[in-house]
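The chains referred to below are lettered A, B, ... by the order of the sequence lines, with proteins before strands, and numbering in each begins at 1.
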Amino acid sequence: MKEKELRRSQAVLPIGTVMKLTNLSARQIRYYEEQGLVIPERNEGNRRMYSLNDIDKLLEIKDFLADGINMAGIKRIYEEQAQKEAQKQAQRSKPLTDEDVRRILRDEFINVSGLSKNDGFSFRNNRNL
DNA sequence: ATTCTGACA
DNA sequence: TGTCAGAA
């Protein structure tokens, strides 16, 4: 499931093809780049090369614009998404909190004692275990 | 032939 | 955003 992502991010399309696929003018496509949205790769000859993901991004921008959202608004949308993703990344690399440790220890104890997660009280009343 | 950057009659 | 110029 990762080979597919690689292909989608492969920049192999020249701006001419992108124009036909998105029905956007070269002027618009380059302008969106100036605004920091959809930054294509450059080949040996400084020509812009786009990936399928770039195409999707451009079509998405096109829809936002059609819905009356301006450049500033679109930038905000992507900035917010970037921030949320960044927080998820940070959460992944965070060490276990005290709460996490307590939960893990409790679950482990339940396993060793042979109790199920919902009969915590029966333990106290069941001396012969 | 295609694309790039810069500029605006 | 369109369009034209001069270069790659």
Side-chain angles (χ1 to χ4, degrees):
Chain A
M1 280 299 175
K2 209 166 185 179
E3 188 73 21
K4 190 175 180 180
E5 290 300 310
L6 246 163
R7 295 188 194 294
R8 292 189 64 71
S9 59
Q10 273 286 88
V12 295
L13 311 171
I15 198 170
T17 302
V18 179
M19 290 173 67
K20 294 173 182 174
L21 263 34
T22 63
N23 282 305
L24 288 171
S25 66
R27 181 80 166 79
Q28 294 175 301
I29 298 172
R30 293 180 187 127
Y31 176 67
Y32 302 153
E33 179 182 351
E34 284 183 6
Q35 298 308 299
L37 314 151
V38 188
I39 309 302
E41 276 175 31
R42 296 293 184 118
N43 63 13
E44 320 73 50
N46 193 42
R47 258 120 175 102
R48 275 169 262 251
M49 296 302 275
Y50 299 82
S51 69
L52 293 178
N53 284 325
D54 291 332
I55 301 295
D56 290 336
K57 191 81 171 289
L58 286 169
L59 290 173
E60 187 175 37
I61 292 172
K62 188 183 176 185
D63 287 336
F64 285 146
L65 258 29
D67 286 330
I69 303 176
N70 55 51
M71 279 304 105
I74 296 177
K75 286 184 183 179
R76 278 177 27 233
I77 294 175
Y78 288 135
E79 284 176 24
E80 291 173 4
Q81 284 203 317
Q83 289 177 49
K84 290 187 178 181
E85 295 307 314
Q87 287 178 38
K88 285 187 178 181
Q89 293 301 311
Q91 185 61 47
R92 290 183 210 291
S93 57
K94 269 185 181 177
L96 272 51
T97 65
D98 287 351
E99 302 304 321
D100 293 330
V101 175
R102 286 178 203 165
R103 177 178 53 67
I104 292 173
L105 256 37
R106 181 184 60 94
D107 290 349
E108 183 58 26
F109 171 71
I110 289 175
N111 280 332
V112 174
S113 65
L115 293 168
S116 65
K117 293 184 180 180
N118 43 30
D119 63 352
F121 273 112
S122 67
F123 170 69
R124 206 176 319 218
N125 305 322
N126 216 327
R127 295 290 167 101
N128 30 359
L129 246 183

A.B. asks: Using the test salt bridge (charged side-chain N to carboxylate O under 4.0 Å, His left out), find all partners of A:Arg48 that sit at least two apart in sequence or belong to another chain.
C.D. replies: A:Glu33
A.B. asks: Tell me, which of residues 28-47 of chain A have any heavy atom that sits under 4.0 Å from an atom in DNA chain B?
C.D. replies: A:Arg30, A:Arg42, A:Asn46, A:Arg47
A.B. asks: Does anything in residues 15-23 of chain A come within less than 4.0 Å of DNA chain B? Heavy atoms only, and list the residues if so.
C.D. replies: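 Result for residues 15-23 of chain A: A:Ile15, A:Gly16, sorted by number.
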A.B. asks: For A:Glu99, what residues pass the side chain to side chain donor-acceptor pair (under 3.5 Å) criterion, not counting sequence neighbours?
C.D. replies: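 Side chain to side chain donor-acceptor pair (under 3.5 Å) check on A:Glu99 returns A:Arg102.
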A.B. asks: List the residues meeting side chain to side chain donor-acceptor pair (under 3.5 Å) with A:Asp100, not counting sequence neighbours, and say none if there are none.
C.D. replies: A:Thr97
A.B. asks: Can you tell me which residue pairs pass the salt bridge (Lys or Arg N to Asp or Glu O under 4.0 Å) test with a partner in residues 55-79 of chain A, sequence neighbours excluded?
C.D. replies: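 Those involving residues 55-79 of chain A are A:Arg8-A:Asp56.
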A.B. asks: Which residues satisfy the side chain to side chain donor-acceptor pair (under 3.5 Å) test with A:Asp98, sequence neighbours excluded?
C.D. replies: none
A.B. asks: Kindly give the cluster partners of A:Ile104, where membership spreads through any ILVMFWY side chain lying under 4.5 Å from a current member.
C.D. replies: A:Leu96, A:Val101, A:Leu105
A.B. asks: What integer distance in Å separates A:Arg48:CZ from B:dC4:C1'?
C.D. replies: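 These atoms are roughly 6 Å apart.
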A.B. asks: Please find the earliest and latest nucleotides of DNA chain C, in the 5' to 3' direction, that have an atom within less than 4.0 Å of any heavy atom of chain A.
C.D. replies: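 Boundary nucleotides touching chain A, in 5' to 3' order, are C:dT1 to C:dA8.
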A.B. asks: My understanding is that only residues two or more places apart in sequence, or in another chain, count here; which of them pass side-chain contact (heavy atoms from CB on, under 4.5 Å) with A:Ser25?
C.D. replies: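 Partners of A:Ser25 by the side-chain contact (heavy atoms from CB on, under 4.5 Å) criterion, ordered by chain and then number, come out as A:Arg27, A:Gln28.
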A.B. asks: What stems, by residue range, does DNA chain C take part in, given at least 3 consecutive Watson-Crick or G-U pairs under 3.5 Å?
C.D. replies: B:2-8 with C:2-8
A.B. asks: Would you jot down, in residue-number order, the residues of residues 54-69 of chain A having a non-hydrogen atom under 4.0 Å from DNA chain B?
C.D. replies: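 Correct list: empty, so none.
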